Amino acid sequence: MKRYHLTTFGCQMNEHDSERMKGMLESLGYVEAPERDEAELILFNTCSIREAADSRFLTHLGEARKLKRERSEVVVGVGGCWAQSLKEEVFERFPFVDVAFGPGQVHMLAEFLTSDSLSAQGYFEFEGFTGHLPSRRTRPFQGWLQISVGCNCACSYCIVPSTRGREVSRPAGELVEEVAAMAADGVREVTLLGQNVNSYGRDLPRGEDGQRASFAGLLHKLDAVDGIERIRYTSPHPKDMREDVIRAHAELASVCEHIHLPLQSGSSRILKAMRRTYDRSRYLDRVAMIREHLPDVAISTDIIVGFPGESEEDFEQTLEVVEQVGYDSAFTFVFSPRRGTEAATITEDLVPHPVKSARMERLVELVQREARARSQRFVGRTLEVLVEGTSRNDPERLRGRTSHNKVVNFTGLAAPGELTDVRIDSATSQTLAGEELLRDRVTRALRASPNPPARAAR
Ligand code: 5AD
Ligand code: SF4
C-alpha cells in the first residue's frame with residue numbers, strides 16, 4: 001500500500017481542496033502517512049497570497065528535496081496557487097518536483113499517479129471543480145461546499161484571479177444534492193466557499209421561471225435541507241452584499257449570525273487604487289443595513305496596511321472605520337507585492353517597512369480593543385455551541401463555536417459534533433469562556449431515552 005503525506009497552506013478553499021485530494025488518493029488505494037518522511041508521495045497544497053506564504057512553503061519544499069535525495073522513489077507533487085502562479089517555471093527552479101498542478105486541475109493528479117509517465121508533468125488549465133471529487137472530511141460533522149471557483153474582481157493587490165481563473169458557479173440543484181448527502185453522512189454545519197460568494201449564479205443560465213440563480217436563493221434552498229443546523233459562507237464582497245442576503249440571515253434559522261465583510265482600507269482614495277469598486281461611505285451604508293436587520297450579528301473583516309501611497313491620513317481613516325463599525329474580529333495584513341498584480345508594479349510612494357509595522361501595531365491594538373468590548377455583550381447570555389473538541393489549553397475543558405463564530409472554551413460533557421447550551425461567564429477579544437447547562441442536557445437525555453427512569457421506577 002502506498003502512503004501519501006499532504007501539507008496544506010492558505011485559505012479555507014485550500015482546506016476543502018485538500019479534503020478532496022485526500023478522498024481522491026484514498027479511492028486510488030493510498031493511505032495517509034502520519035509523517036512526511038514515511039510517505040512515498042509527498043504533496044503540498046500551496047498558497048501565494050502574501051510573500052510570507054511563499055517563504056513558509058519553500059522551507060517545507062526544501063525538506064521534501066532532502067527526503068527525495070535519501071529515497072529516490074519518492075514522488076513530490078505541488079498543487080494550488082503557488083504552483084499555478086509559476087506554472088512550468090516550477091520544474092526549472094525545482095527540478096526534483098515530479099508533478100505540479102493548479103487549483104483547477106486537482107483531478108489530473110489521479111491521472112498522473114496512474115500513468116506510466118516518469119517525466120515531470122504540469123497541469124494548469126482552469127477547469128473542473130474539486131467539489132466533484134470524493135472527500136475525506138477532517139471533522140465528520142462539518143463540511144465545506146464549493147459553490148463557485150474563480151474570481152471576476154480585479155483587486156489590484158490580489159494574486160487570486162490569476163491563480164483561480166474566471167468565476168464559474170455550480171448549479172444550485174447539484175449543490176442541494178451535495179448538502180443533502182453531507183447531512184445524511186452526519187454533517188451539521190456547512191461552510192459555503194467561493195472567492196466572491198454573493199456574486200454566485202450570475203454566470204448560470206436563467207431558470208425556467210426566467211430568474212437568475214442568486215446567493216440569497218441558494219441560502220434558502222440549503223436552509224431547507226433536513227439535518228443542516230448551521231450554514232456559514234466565505235467570502236462575500238461588500239459591493240455585492242445585497243439586502244436579500246442580509247434578510248436571509250434574519251429569516252433562515254440555519255444561517256449563522258456572522259458576516260465577514262472585507263474592508264481592506266477605510267480611505268476612499270486607497271480603495272480606488274485597490275480597485276475595490278466601493279468607497280468608504282458605500283461600505284458604511286452596507287454595515288448600517290446589516291445592523292438594521294441584524295442588530296446582534298458579528299461582523300469581521302480583512303484589512304491591508306501599507307498599500308502603496310497610503311498616507312498617515314489614509315491610515316487614520318481606516319482606524320476611524322474600524323472604530324465606527326466595531327468589528328467582532330479582524331484579520332490584518334501588511335501589504336505584500338505579488339507577482340503579476342497591478343499593485344506590484346507601483347514604484348512611487350511605497351510605504352517604508354518601519355511605517356507599515358508601526359501602523360500595523362496601532363491597528364491591531366484598536367481591533368483588539370473593539371473586539372474585547374464587543375464580546376462583552378455575550379457575558380451572562382446562554383449561547384448554542386457546536387462542540388469541536390477539547391480546549392487547546394486545557395484538556396479538561398471543551399471547545400466549540402457559537403453561531404457568531406466565537407470560540408468558546410467551557411466545562412461540560414458534550415461530545416464533538418453536538419450542539420449544546422453554554423452559559424457565558426467571561427470574554428476576551430478572541431474567545432469566550434463558560435459552562436455547559438447540564439441540567440438542560442440531562443433533561444433532554446431523559447426525554448430522548450426509550451426507557452425514562454420515572455417509568456422504570458413504577
Ligand atoms: N498583501 C497583503 N494582503 C493581501 N490580501 C490579499 N492580497 C494581499 C496582498 N498582496 C489579504 C486581503 C484579503 C485576504 C484574504 O488577504 O485582505 O481579503
Ligand atoms: Fe486561497 Fe488565495 Fe492562498 Fe489561493 S492564494 S490558497 S485562493 S488564500
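Keep in mind the model is a prediction, meaning the values are calculated, not measured. Just follow the structure's listing: the first ligand is 1, and inside any ligand the first atom is 1.
- The side-chain tip of R170 points at the ring of F129 from less than 6.0 angstrom away and within 45° of straight on.
- Counted by atom type alone, Y4 and E26 present one or more donor-acceptor pairs between their side chains at under 3.5 Å.
- Taking the centre of each ring, Y233 and F215 come in below the 6.0 Å mark.
- Close contacts of ligand 2 with S48, meaning ligand atoms under 4.0 Å from a residue heavy atom, involve 3 (Fe), 5 (S).
- In this structure, H107 has its ring center no closer than 6.0 Å to that of Y123.
- Using a 30° and 60° split on the angle between ring planes, H60 and F44 fall in the perpendicular class, above 60°.
- Shown here for I270 and P308, the closest heavy-atom pair between the two residues is CD1-O, 4.2 Å.
- No side-chain donor-acceptor contact under 3.5 Å links S156 to the backbone of E342.
- Looking at D328 and H258, their side chains never bring a donor and an acceptor atom within 3.5 Å of each other.
- The protein residues lying under 4.0 angstrom from ligand 1, judged by non-hydrogen atoms, are I49, R50, Y157, Q264, D302, I304, F333, V334, F335, S336, R338.
- Each protein N, O or S atom less than 2.8 Å from atom 1 (Fe) of ligand 2 was counted, giving 1.
- Of the residues listed (E189, R232, R401), the one engaging Q142 in a side chain to side chain donor-acceptor pair (under 3.5 Å) is E189, and it is the only one.
- The existence of a salt bridge linking R359 and E365 is excluded, since no basic side-chain nitrogen approaches an acidic carboxylate oxygen closer than 4.0 Å.
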